[in-house]
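So the structure is just underneath, and the comments pick up after that.
Residue numbers begin at 1 in each chain, while the letters A, B, ... track the order of the sequences.
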Amino acid sequence: MTSAQAFWNRTHTCGELRDEHNDADVVLNGWVDRARDLGGLVFVDVRDRYGITQVLFDPAVVDDETFQLAGTLRGEFVIAVRGFVRVRDGAQRNANTATGDVEIVARGVQLLTRSAALPISLKGDNETSEELRLKHRYLDLRRPELQSKMLLRHEVTLATRNYFHEHKFIDVETPILTKSTPEGARDYLVPSRVHPGDFFALPQSPQLFKQILMISGYDRYMQIARCFRDEDLRADRQPEFTQVDIEMAFITKDILFPILEGWVARVWKDFAGVEIPLPMKRLSYATVMEEYGVDRPDLRFGLKLATVSDLLEGTDAGPLASALALEDGTIKALYLPGEPGQLSRKQLDGLTETAKQFGLGGLLWGKVSNDGVSGAVKKFLTEEQRNAILERLGERNGFDASSTGILLVSAGRTGQVNDAMSRIRVQLGNDLGLISPSAYEFAWVVDFPAFGWNEDEERWDPLHHPFTSPITEHMGMVQSDPGNVLTDAYDMVCNGYELGGGSIRIHDPDVQRAVFSAIGLTEAEARAKFGFLLDALSYGAPPHGGIAFGLDRVVMLLARTEAIREVIAFPKTQKASCLMTEAPNAVDDAQMGELHLVSTAPAKDA
RNA sequence: GGGGUGGUAGUUAAGUUGGUUAUAACGCCGGCCUGUCACGCCGGAGGCCGCGAGUUCGAGUCUCGUCCAUCCCGCCA
């Protein structure tokens with residue numbers, strides 16, 4: 001053994017000593033959390049991931065050299081302390097920490113390593129900029145808040161594996177170096193040295209492999225799979241993220257959903273202490289788009305929207321008439337029953353700002369009070385129109401159509417109106433305190449349309465992915481009427497997030513060919529991209545389906561945080577770089593040459 | 001690619017209509033202190049005001065550009 005390794009090894013962690021350990025001889029290893037030098041006494045709080053324990057250096061116990069050393073200890077120095085446990089007198093007990101009833105009376109200390117002054121604060125009271133936290137992630141990860149999130153993530157992952165193992169699922173690893181899959185997102189590419197000019201893609205998901213595994217007879221598959229998408233980031237999106245990936249053979253939705261719901265219920269019970277009522281409600285895509293304007297509604301509060309275009313036929317009010325004249329125009333309304341003054345002018349301006357952000361000209365609003373009507377609602381709506389709108393909204397939301405309140409109306413292209421009104425709805429939920437932060441409201445969204453019209457490319461694009469099975473009744477419409485085909489796709493949503501999405505897959509090669517054809521893939525293109533899948537389907541494919549859950553989002557919700565970076569140990573910035581390692585970086589010409597690559601990027605000034 | 005917010009000491013922030021030596025707290029260094037637990041008290045060091053131009057007698061402050069972080073749109077299930 002070298003001298004560098006010879007240090008006093010801990011007998012206990014910094015979180016476990018209690019009254020019952022009184023007089024025990026112990027050794028602690030850890031970081032100095034705080035040191036308090038009182039002159040004649042030195043207190044040092046020693047921290048590890050299990051907790052914090054106070055150590056007392058008393059000149060009556062330790063020799064002078066040890067006592068001097070204790071006085072030089074600073075934050076984040078790593079030490080080993082030898083001593084005995086002493087139960088503290090009543091007034092000296094500290095109820096704020098788990099070990100606060102005892103302290104270690106030191107007999108000796110070893111300074112294992114010193115620490116430079118910290119570039120970030122590890123104390124919770126004033127937080128450091130995220131830029132510095134990411135650069136010094138090794139320090140940030142020492143913070144107990146982050147350590148508890150990493151622990152939570154570990155526990156959720158473990159419980160997930162156990163749950164699916166108990167239900168006969170097999171964990172199979174799929175390739176990271178693979179072929180580009182067609183889920184719409186940009187691929188991360190890896191150049192091949194052996195095959196000049198060819199590239200692997202990192203998987204956007206293991207989609208095709210898990211279907212292949214079903215065809216191979218594995219029946220129930222699960223994987224905690226890393227996925228990669230080269231798209232711009234958001235607070236809840238990282239370029240690499242983790243999915244709980246599931247696939248099953250011989251199933252329908254009604255077989256699959258209870259298994260998945262059972263997993264969610266267990267995880268939420270164990271890690272959020274919440275009982276999720278089962279079964280979860282199922283809402284059609286058409287319903288949620290109509291009532292919430294998004295396919296991942298926040299169901300913790302009401303404020304349902306309603307389309308009112310039909311009530312405003314023949315209107316001559318400018319903004320409304322021009323929306324109705326559009327091919328895909330619509331008008332939607334939202335009503336806040338109650339005090340007409342419940343929103344300030346500033347809040348209403350904020351909502352208008354949101355509407356503009358989504359490309360609308362503005363937001364029509366007006367206060368309906370006992371004295372009459374104000375604002376754009378007075379200007380643009382007749383009394384009959386207003387009453388008809390309130391009638392519809394009242395019926396949908398359960399309020400009396402004669403209630404006073406604030407009416408919001410938004411008119412324009414359907415997509416923009418839905419985007420804006422769904423956001424406005426959530427903004428109101430927050431502004432008016434309608435959202436309980438401790439609530440979790442789950443639901444399935446089902447019956448998705450198969451295809452969406454792509455204006456730019458003038459073709460039908462799969463809304464989910466092209467392996468999604470149409471519902472049985474619509475099989476024959478794939479070629480003749482693609483716009484009205486519904487699929488057996490489903491999302492699990494919670495609090496405005498999409499937690500997971502999946503579908504029953506196509507297992508008939510003829511149906512698969514029809515879908516490829518409907519989205520404008522020629523036979524030759526389909527063969528080039530997915531020949532192996534078409535081949536596999538032709539050798540006895542069982543009916544199958546599955547889902548993928550965003551593990552990061554699941555943990556994020558359980559941890560009650562709003563940034564996915566908080567539950568990922570080494571996340572990337574919004575520009576998809578790692579501030580700690582400074583990846584990505586340039587590589588030298590020799591390395592480029594081996595990979596048969598030449599960069600066309602403009603030279604950076606060093 | 002576009003819009004919002006931010007960038008001042010190791011950290012977090014303040015900084016007036018453009019004005020002389022850029023403040024404070026925590027941390028760091030030195031001194032004092034025997035029951036602290038955000039210990040206390042005294043003293044000290046520490047600044048490319050993100051970077052680059054411009055306006056001006058004079059810029060942390062005004063203008064333009066640029067970089068980084070973050071939130072959002074586009075993009076992305």
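- For the pair Leu73(A) CG and G27(B) P, the interatomic distance rounds to 16 Å; values are reported in whole Å.
- Within the 4.0 Å cut-off from OP1 or OP2 of C26(B), not a single side-chain nitrogen or oxygen of Lys123(A) is found.
- Nucleotides G4(B) and U66(B), compared at atom P, are 14 Å apart to the nearest Å.
- In this structure, CZ of Arg413(A) is placed 18 Å from P of C73(B), rounded to the nearest angstrom.
- Taking the charged nitrogens against the carboxylate oxygens, Lys332(A) and Glu291(A) have no contact shorter than 4.0 Å, which rules out a salt bridge.
- In this structure, G6(B) forms a base pair with C68(B), meeting either the Watson-Crick or the G-U wobble geometry with both donor-acceptor distances under 3.5 Å.
- Of all heavy-atom pairs spanning Asn29(A) and Ala80(A), the tightest one is ND2-CB, 3.3 Å.
- Residue Ser129(A) places at least one side-chain N or O under 4.0 Å from the OP1 or OP2 atom of U12(B).
- Atom P of G58(B) sits at a distance of 45 Å from the matching atom of C41(B), rounded to the whole Å.
- Listed nucleotides: C72(B), G35(B), A69(B). Nearest to the side chain of Ser577(A): A69(B).
- Counting heavy atoms of neighbouring residues, nucleotides and ligands inside a 6.0 Å radius, atom CZ of Arg114(A) does not exceed 12 of them.
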Just the table, please: protein N/O against nucleotides 43-46 of chain B N/O, every pair under 3.5 Å.
none

Using the 3.5 Å cut-off, write out each protein N or O paired with an N or O of nucleotides 28-32 of chain B and the distance between them.
unit_1, atom_1, unit_2, atom_2, d
C29(B), OP2, Arg74(A), NE, 2.8

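- In this structure, C62(B) forms a base pair with G54(B), meeting either the Watson-Crick or the G-U wobble geometry with both donor-acceptor distances under 3.5 Å.
- Residue side chain Arg229(A) does not reach the base of C75(B) through any donor-acceptor N/O pair under 3.5 Å, judged by distance alone.
- For Pro119(A), the side-chain atoms get nearest to G10(B) when compared with the rest of C75(B), G10(B), G35(B).
- Per the geometry, CG belonging to Leu139(A) stands 12 Å off C1' belonging to G10(B), to the nearest Å.
- Between C64(B) and U21(B), the distance separating the two C1' atoms is 31 Å to the nearest Å.
- Between C37(B), U11(B), C71(B), one nucleotide has an atom nearer to the side chain of Gln574(A) than all others, and that is C71(B).
- Within the 4.5 Å cutoff, the side chain of Glu103(A) has heavy atoms near those of the Arg88(A) side chain.
- With a cut-off of 3.5 Å on both Watson-Crick or G-U wobble distances, the partner of U36(B) is given as none.
- For the pair Arg36(A) and C39(B), the criterion of a side-chain N or O lying under 4.0 Å from OP1 or OP2 is met.
- To the nearest angstrom, C1' of G10(B) lies 10 Å from NE2 of His136(A).
- In this structure, the CG atom of Asn94(A) is 11 Å from the P atom of C39(B), given to the nearest Å.
- Remark: C1' of U11(B) and CZ of Arg143(A) are 13 Å apart, rounded to the nearest angstrom.
- Side-chain N/O atoms of Arg565(A) include one lying less than 4.0 angstrom from OP1 or OP2 on C71(B).
- Counted by atom type alone, Gln357(A) and Glu353(A) present zero donor-acceptor pairs between their side chains at under 3.5 Å.
- Each of Leu579(A) and Leu233(A) lies near RNA chain B, and the nucleotide nearest Leu579(A) is the one positioned closer to the 5' end.
- Looking at heavy atoms from C-beta onward, His474(A) lies in side-chain contact with Ile471(A) at the 4.5 angstrom threshold.
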List every contact pair, protein side and nucleotides 1-6 of chain B side both N or O, where the distance is under 3.5 Å.
none

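- Distances were taken from every side-chain heavy atom of Thr128(A) (C-beta onward) to each of G35(B), A69(B), U12(B); the shortest belongs to U12(B).
- Distances were taken from every side-chain heavy atom of Arg237(A) (C-beta onward) to each of U34(B), C75(B), C37(B); the shortest belongs to C75(B).
- Pro206(A) places a side-chain heavy atom less than 4.5 Å from the side chain of Asp245(A).
- Remark: Asn96(A) pairs with Asn94(A) by the side chain to side chain donor-acceptor pair (under 3.5 Å) rule, at least two apart or across chains.
- In this structure, of C75(B), C73(B), G35(B), it is G35(B) that holds the atom nearest to the side chain of Gln92(A).
- Ring to ring, Phe57(A) and Phe43(A) are not that close: their centroids are 6.0 angstrom or more apart.
- For Ala235(A), counting side-chain heavy atoms from C-beta on, the closest listed nucleotide (C37(B), C75(B), C72(B)) is C72(B).
- The nearest heavy atom of RNA chain B to Ala60(A) and to Asn96(A) marks one nucleotide each, and the one closer to the 5' end goes with Ala60(A).
- You'll find that the side chain of Arg34(A) is closest to A38(B), out of A38(B), C71(B), C37(B).
- For the P atoms, the distance from C67(B) to U23(B) is 34 Å, rounded to whole Å.
- With a 3.5 Å ceiling on both atom-pair distances, the Watson-Crick or G-U wobble partner of G43(B) is C29(B).
- Separating the CG atom of Asp140(A) from the C1' atom of U11(B) is a distance of 13 Å, rounded to the nearest angstrom.
- With U70(B), C72(B), U34(B) as the choices, the nucleotide that has an atom nearest any side-chain atom of Arg423(A) turns out to be C72(B).
- Straight-line distance from the CG atom of Leu118(A) to the P atom of A9(B): 17 Å, rounded to whole Å.
- With rounding to the nearest 0.5 angstrom, the CZ atom of Arg234(A) is 7.0 Å from the CG atom of Asp232(A).
- Among Asp447(A), Leu463(A), Thr468(A), the single residue meeting the side chain to side chain contact (heavy atoms under 4.5 Å, CB included) criterion with Thr487(A) is Thr468(A).
- Residues passing the side chain to side chain donor-acceptor pair (under 3.5 Å) test with Glu76(A) are Arg47(A), Arg142(A), sequence neighbours excluded.
- With sequence neighbours excluded, no residue forms a salt bridge (charged side-chain N to carboxylate O under 4.0 Å, His left out) with Arg82(A).
- Looking at heavy atoms from C-beta onward, Pro175(A) lies out of side-chain contact with Pro203(A) at the 4.5 angstrom threshold.
- Between the side chain of Arg74(A) and the backbone N or O of Arg34(A), no donor-acceptor pair lies under 3.5 Å.
- Residue Asp89(A) is classed as having no contact, given no heavy-atom separation below 4.0 Å to the nucleic acid.
- The listed nucleotides are C37(B), C76(B), C39(B); the one nearest the side chain of Leu38(A) is C39(B).
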